Amino acid sequence: MSDKPVRTRFAPSPTGPMHIGNLRQAVFGWLYAKHCGGQFLLRIEDTDQKRYVEGSLEYIIGALRWLGLEYDEGPDVDGPYGPYIQSERLPLYQEWAQWLIDNDKAYKCFCTSERLEQVNKEKKARKEPPGYDRHCRTLTADEVAAKQAEGLPYVVRMKMPLDGVTKGHDIILGDVEFPNDTLQDAVILKSDGFPTYHLAHIIDDHFMEITHTTRGQEWMPSFPLHINIWQALGWEMPQHAHLPLILNPNGQGKLSKRKEAFDESGQRVLIKVSEYIEAGYLPDATFNFLANIGWNFGEDKEIFTVDEAIERFDLKDVNPANAAFPVEKLDWLNGQYIRDKAPETLAGLLVPVVAKAGLNADPELVGKVTPVAQTRIKTLNEFIDLAGFFFRDWAEFEAPPADMLIQKKMDTVGTKRCLEASITVLQAAETFDHAALYKTFKDLAQELDVKNGQLFGALRVALTGQTISTPTFETMEIFGKDETIRRLEMAVAQFADV
RNA sequence: GCCCCAUUCGUCUAGAGGCCUAGGACGCAGCCCUCUCAAGGCUGAAACAGGAGUUCGAAUCUCCUAUGGGGUACCA
């Protein structure tokens, strides 16, 4: 091990909206770099032109920034090791592929995909494991020259050892070894001149001076290939950490944006980072949640800040086992974070949410409603369901139907009487704060010989049109005397024919 | 098929040979509080995949089996 500064990278492919599992990989790499006082960089691996999706870079950058994972170098952050987009580094890969050929570590392969298919078909018929038969590995220099003179397209394949074992070490998994006779002469440079991931990431990691790599465990099978490439190149290999995968909540299969998953309550599991943002999850809660999968803070502490995580995080403490995605825990955590925020701060976050819902996002009103909603919402968006009525045009409020106003074990006559009596009491009210209102209505309930819940429930529905809402008297206080009475009168009108 | 990895409450996890009659959290159940819904408080049910070893002693080490996951592309 050297004393060079720790450098980690997040290297996604620009293939569309960013996946939440991907974001977690980024979290671990970022956390480790920060923990070591090193650098974290973003590199775009776009060596597969076919899979490129327009706008992906913006998705990736947006997701990283949203969560607070600032990178020291990247496509839009200049650094001394750029460019940070692989398609802009093509000559480098081609040069080193040639170097490998020149040094007898790799070879040109002219086999067509048709032949490859044929080979596999035959192998299958003989019940042999599939794979390339190394047909071009033994081509003579003259044969190669002849094929090239014909203008035949070719790929470059790695010349893998035929026997023995390839040994490697992983920070999380420990020592691993692979029998070489099961390995393939993988393609490292495609016929279009683009490198495959295998070659490209190694060259980049080397020249970008990456000291520790983090990637999903799905890469484990190609680890021996990579080890051999590093060795062939004669470069010092960074330390590798293969991170556990996130599985669907039921533990069946890895979380994927192509296959939708559902949790126990039948809710669709959100996959894209953008979906989490839109659903009203907080970045700090999401960070906490993601960091808690496969790693934990210790001391039985579930809730921790980013700085606390940086302080403690170490790749070697990561649990090697794959994890079912514990979605339901995010709701709880997000609720915790919402409650921990200063009401003014929360209100600031809520204003745009109200606006986005197409409602009147008056900051002052949001500020008044926030404290009474704070313990009742788990995501920002739930604010709309609970308290959206405050932000609709009051003049357009329509009284709820009579049967909604009538509470348990009440009838039309009794309900109407309650509402009328309430209006009378309200008109006489001098102070209009919720504590005083509570007291007067408690007295009124006794006077009318109904239960608190029966009276208060009718009031709630009359005021909000909802059976679940912010507390009734706090709601009255926010509405003020005039609006409160107006709504109750509208409710009484629902009983006109009684 | 072959290769690789993993396996502690339903789930995320703590646990690196005696501290474990296995700890925390989510979820769940019950109770308290209570104007709805939450929040909060308290209580409870709930796990070392199985089998062989090693050892005075194993959730912790070894092997086998089972199960789950991943890979097996001129995708990453």
Side-chain angles (χ1 to χ4, degrees), chain A residues 11-15 45-48 50-51 109 111 113 116 124 127-132 153-157 170 172-173 176-179 181-184 186-192 194-198 200-201 215-224 242 244-245 247 249-254 263-265 289 292-303 319-333 335-336 339 373-378 382 386 407 438 441-442 445 451-461 464 466-474:
Chain A
S13 294
T15 54
E45 309 220 321
D46 59 343
T47 54
D48 186 0
K50 295 184 290 292
R51 297 210 308 161
C109 168
C111 294
S113 50
L116 261 26
K124 201 174 171 185
K127 292 204 188 317
E128 283 174 26
Y132 180 54
Y154 64 88
V155 300
V156 177
R157 288 182 183 272
D170 180 272
I172 297 169
L173 268 13
V176 284
E177 43 175 82
F178 306 81
D181 59 5
T182 63
L183 270 23
Q184 297 284 313
V187 173
I188 57 174
L189 194 76
K190 300 182 257 189
S191 55
D192 62 1
F194 276 68
T196 59
Y197 165 83
H198 308 299
H201 90 272
R215 75 210 319 190
Q217 262 175 31
E218 73 261 30
W219 288 106
M220 210 50 202
S222 45
F223 191 25
H242 288 90
L245 266 20
L247 274 22
N250 62 6
Q252 303 290 116
K254 67 173 171 177
D263 67 12
E264 281 185 343
S265 56
F289 167 70
N292 243 336
I293 306 173
W295 181 76
N296 82 93
F297 188 85
E299 292 178 358
D300 293 341
K301 194 170 150 104
E302 300 286 331
I303 299 176
N319 181 343
N322 295 163
F325 194 49
V327 257
E328 69 292 345
K329 221 167 175 169
L330 175 59
D331 283 325
W332 168 76
L333 253 180
Q336 294 288 323
R339 265 169 273 142
Q374 191 159 12
T375 62
R376 292 165 228 273
I377 56 174
K378 287 202 166 81
E382 284 175 11
L386 184 78
Q407 301 299 296
Y438 175 73
F441 278 95
K442 212 173 140 187
K451 292 203 168 123
N452 286 354
Q454 293 175 315
L455 175 61
F456 300 178
L459 293 172
R460 172 195 316 289
V461 174
T464 69
Q466 303 177 176
T467 53
I468 295 173
S469 75
T470 46
T472 301
F473 306 108
E474 277 86 341

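By convention in this document, chain letters (A, B, ...) are assigned in the order of the sequence lines, proteins followed by strands, and residues within each chain are numbered from 1. Because the structure is predicted, anything quoted here is derived from the model rather than measured.
If you take atom P in B:rU8 and the same atom in B:rG68, they sit 14 Å apart, rounded to whole Å. Using atom P as the reference point in both B:rA59 and B:rA47, the two lie 15 Å apart (nearest Å). Rounded to a whole angstrom, the distance from the C1' atom of B:rA39 to that of B:rC33 is 11 Å. Taking the C1' atoms as reference points, B:rC20 lies 13 Å from B:rG57, given to the whole Å. B:rC63 and B:rC26 have their P atoms separated by 38 Å, with the value rounded to a whole Å. For the C1' atoms, the distance from B:rG18 to B:rU7 is 24 Å, rounded to whole Å. To the nearest whole angstrom, the two C1' atoms, one in B:rA14 and one in B:rC19, are 14 Å apart. Between B:rC9 and B:rU60, the distance separating the two P atoms is 14 Å to the nearest Å.
For the OP1/OP2 pair of B:rA38 and a distance below 4.0 Å, the side-chain nitrogens and oxygens of A:R339 include no atom meeting the criterion. A close approach under 4.0 Å does not occur between any side-chain nitrogen or oxygen of A:Q374 and OP1 or OP2 of B:rC37. For A:K127 and B:rC2, the shortest distance from a side-chain N or O to OP1 or OP2 is not below 4.0 Å.
Using N1 to N3 plus N6-O4 or O6-N4 for Watson-Crick, or N1-O2 and O6-N3 for G-U wobble, each under 3.5 Å, B:rA25 pairs with B:rU11. Nucleotide B:rC2 has B:rG71 as its partner under the Watson-Crick or G-U criteria, with both atom distances under 3.5 Å. In this structure, B:rC61 forms a base pair with B:rG53, meeting either the Watson-Crick or the G-U wobble geometry with both donor-acceptor distances under 3.5 Å. Pairing for B:rC35 is absent, with no Watson-Crick or G-U wobble pair whose two atom distances lie under 3.5 Å. A 3.5 Å limit on both hydrogen-bonding distances identifies no Watson-Crick or G-U partner for B:rA16.
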Quick one, give me the B/S/- string for nucleotides 28-35 of chain B, reading 5' to 3', where B means a protein heavy atom under 4.0 Å from the base and S means that only happens at the primed atoms, P, OP1 or OP2.
-------B
Per-nt protein contacts along nucleotides 67-76 of chain B (heavy atom under 4.0 Å; B base, S backbone sugar-phosphate only, - none) come out as -SSBS--BBB
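Here the P atom of nucleotide B:rA16 and the CG atom of A:L173 are 20 Å apart, to the nearest Å. Going from atom CG of A:L455 over to atom P of B:rU36 covers 13 Å, rounded to whole Å. In this structure, CD1 of A:I172 is placed 15 Å from C1' of B:rU13, rounded to the nearest angstrom. Look at CD1 on A:I303: it is 12 Å from C1' on B:rG24, rounded to the nearest Å. In this structure, A:N296 places its CG atom 14 Å from C1' of B:rU8, rounding to the nearest Å. Following rounding to the nearest Å, A:E299 (CD) and B:rG24 (P) show an atom-to-atom distance of 15 Å. The nearest whole Å value for the distance from the CG atom in A:D300 to the C1' atom in B:rC12 is 13 Å. Here the P atom of nucleotide B:rG27 and the CZ atom of A:F289 are 13 Å apart, to the nearest Å.
Using a 4.0 Å heavy-atom cutoff across all strands shown, A:G294 reaches sugar-phosphate atoms only and no base atom. Nucleic acid contact for A:K378: sugar-phosphate only, since backbone atoms but no base atoms lie under 4.0 Å from a heavy atom of the residue. In this structure, A:P179 reaches the sugar-phosphate backbone alone: every heavy-atom distance under 4.0 Å involves primed, P, OP1 or OP2 atoms, never a base. Within 4.0 Å of A:N319, counting heavy atoms only, lie sugar-phosphate atoms of the nucleic acid but no base atom. If you check every strand for non-hydrogen atoms under 4.0 Å, A:V176 touches sugar and phosphate atoms only. If you check every strand for non-hydrogen atoms under 4.0 Å, A:Q407 touches nothing.
Taking CZ of A:F223 as the start and CZ of A:F178 as the end, the distance is 7.0 Å to the nearest 0.5 Å. Rounded to the nearest 0.5 Å, atoms CG (A:N292) and NZ (A:K301) are 11.5 Å apart. A distance of 5.0 Å separates CD of A:E218 from CG of A:L245, quoted to the nearest 0.5 Å. Between the CZ atom in A:F289 and the CH2 atom in A:W332 there is a gap of 11.5 Å [rounded to 0.5 Å].
Not counting sequence neighbours, the partners of A:T467 by the side chain to side chain contact (heavy atoms under 4.5 Å, CB included) test are A:M404, A:V461. Judged as a side chain to side chain contact (heavy atoms under 4.5 Å, CB included), and not counting sequence neighbours, the contacts of A:D331 are A:Y281, A:K378, A:T379. A search for side chain to side chain contact (heavy atoms under 4.5 Å, CB included) contacts involving A:A445 returns A:V450, A:N452, A:L455, not counting sequence neighbours. Judged as a side chain to side chain contact (heavy atoms under 4.5 Å, CB included), and not counting sequence neighbours, the contacts of A:E45 are A:A11, A:S13, A:R43, A:Q86, A:Y197, A:H201.
Here the closest non-hydrogen pair linking A:T47 and A:P195 is CB-O, 3.3 Å. The two residues A:Q184 and A:G131 have their closest heavy-atom pair at OE1-CA, 3.2 Å.
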I'd like to know whether A:R460 forms a side chain to side chain donor-acceptor pair (under 3.5 Å) with A:S469, so could you lay out the CA-CA distance, the side-chain angles of the two residues, the decisive distance to 0.1 Å, and finally the verdict.
CA-CA 7 Å; A:R460 172 195 316 289; A:S469 75; 2.9 Å; yes
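Between the side chain of A:E328 and the base of B:rG27, no donor-acceptor pair of N or O atoms lies under 3.5 Å.
The nearest heavy atom of RNA chain B to A:L330 and to A:I468 marks one nucleotide each, and the one closer to the 5' end goes with A:L330.
With a 4.5 Å cut-off on side-chain heavy atoms, A:E302 and A:K329 count as touching.
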